[in-house]
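To start, the structure itself, in C-alpha cells.
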Amino acid sequence: QFQTGYLHSKLEACLEKYQIAAQFLEVEITESAMMGEGTAVIAELMAIRELGIKLLVDDFGTGYSSLSQLQRLDMDILKVDRVFTNELGQSSEGEIFFRAIVSMAHALNMRVVAEGVETVEQLHILRALNCDEIQGYYISRPIPPAQMAVLIRQQFLLPETRFAFAIEAA
C-alpha cells in the first residue's frame with residue numbers, strides 16, 4: 001500500500017467520512033518496509049504525517065535500521081520488538097541495548113513503546129530506562145473487538161507506574 005501510493009488520500013477520505021480527528025489515528029509500519037528502496041514509501045509517509053496522523057516504527061530492532069532514515073522521516077513513536085524486552089532481567093546486555101534504543105529515540109523526539117511486556121520485573125526495568133509506553137500480556141492478551149470497550153474502561157493498577165499502555169485488538 002505504501003509503495004503503490006495514494007494511501008494518504010485514502011486515509012484522508014476515511015478521516016473525513018467518519019469524522020475522526022487525525023491526531024487519534026496511528027499508522028504502524030515495520031522498519032523493514034520503511035527502509036525499503038525508492039522514494040515512494042518516504043513520500044507516502046511524509047504525506048500521511050502532514051495530515052496529522054502519527055507514524056510508528058513497528059518491530060524496531062528486527063530489520064535493517066538506518067539511523068539517518070529514522071531522523072529524516074521524523075517518525076513519532078518507536079515500538080521496540082519483544083526480542084529486546086525479553087532480554088530485560090536476563091542479561092546486562094539486554095538493558096544496555098534497550099537503554100541505547102530509548103536514548104536514541106528520545107533524542108529524535110520519538111516516544112518509545114516496549115512490545116512483549118509480560119512481567120512486573122520488565123515493567124520496573126522499563127520504568128528505570130525511561131520507556132514511555134508498554135504493550136503485552138502483562139496488560140492483556142489479544143481480545144476480540146467486541147470486548148475492547150470493557151478493557152478500555154478498566155482501571156489498570158500498575159505498581160507505582162507512570163506508563164501509558166497500548167492495546168491491540170485480535
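- No donor-acceptor distance shorter than 3.5 angstrom exists from the side chain of Thr85 to the backbone of Val117, with no hydrogens or angles considered.
- Note on Ile53: it clusters hydrophobically with Ile20, by side-chain heavy-atom contacts below 4.5 Å among ILVMFWY residues.
- Between Asn86 and Gly116 the shortest heavy-atom distance is OD1-O, 4.1 Å.
- Under the 4.5 Å side-chain criterion, counting only non-hydrogen atoms from C-beta, Leu88 is in contact with Leu129.
- The backbone N or O of Thr119 lies less than 3.5 Å from a partner atom in the side chain of Gln122, making a donor-acceptor pair.
- Counting heavy atoms from C-beta outward, Ser103 and Phe98 have side chains that stay 4.5 Å or more apart.
- Linking Ile, Leu, Val, Met, Phe, Trp and Tyr whenever their side-chain heavy atoms come within less than 4.5 Å leaves Phe60 and Val83 in two separate clusters.
- For the residue pair Met110 and His106, the shortest heavy atom distance occurs at O-CD2, 3.3 Å.
- The structure places CD1 of Ile48 at 11.0 Å from CD of Glu12, a figure rounded to the nearest 0.5 Å.
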key: side-chain contact (heavy atoms from CB on, under 4.5 Å) evaluation trace for Met148 with Ile143   = CA-CA 7 Å; Met148 288 296 292; Ile143 60 172; 3.8 Å; yes
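- Counting heavy atoms from C-beta outward, Met75 and Leu108 have side chains that stay 4.5 Å or more apart.
- When the side chains of ILVMFWY residues are joined at heavy-atom separations under 4.5 Å, either directly or via intervening members, Val150 and Tyr138 end up in two distinct hydrophobic clusters.
- Looking only at distances, a side-chain donor or acceptor of Asp132 sits under 3.5 Å from a matching main-chain atom of Val112.
- A salt bridge (charged side-chain N to carboxylate O under 4.0 Å, His left out) with Asp76 is found for one member of Arg49, Lys54, Arg111 and no other, namely Arg49.
- Counting only distance, with no hydrogens or angles, the side chain of Gln135 and the backbone of Val113 share no donor-acceptor pair below 3.5 Å.
- Rounded to the nearest 0.5 Å, atoms CD (Glu121) and CG (Leu126) are 10.5 Å apart.
- Cluster annotation: Ile134 and Val120 are assigned to the same hydrophobic cluster (Ile/Leu/Val/Met/Phe/Trp/Tyr, side-chain heavy-atom contacts under 4.5 Å, transitive).
- Put simply, CG on Leu25 and CG on Leu55 are 9.5 Å apart, with the number rounded to the nearest 0.5 Å.
- In this structure, Leu51 and Ala22 approach most closely via the heavy-atom pair O-CB, 3.1 Å.
- Separation of atoms CG (Leu15) and NE2 (His8) is listed at 12.0 Å; rounding is to 0.5 Å.
- Interatomic distance, CD1 of Ile29 versus NZ of Lys79, reported as 13.5 Å (0.5 Å rounding).
- The side-chain hydrogen bond (donor to acceptor under 3.5 Å, both in side chains) test applied to Glu87 returns Ser91, not counting sequence neighbours.
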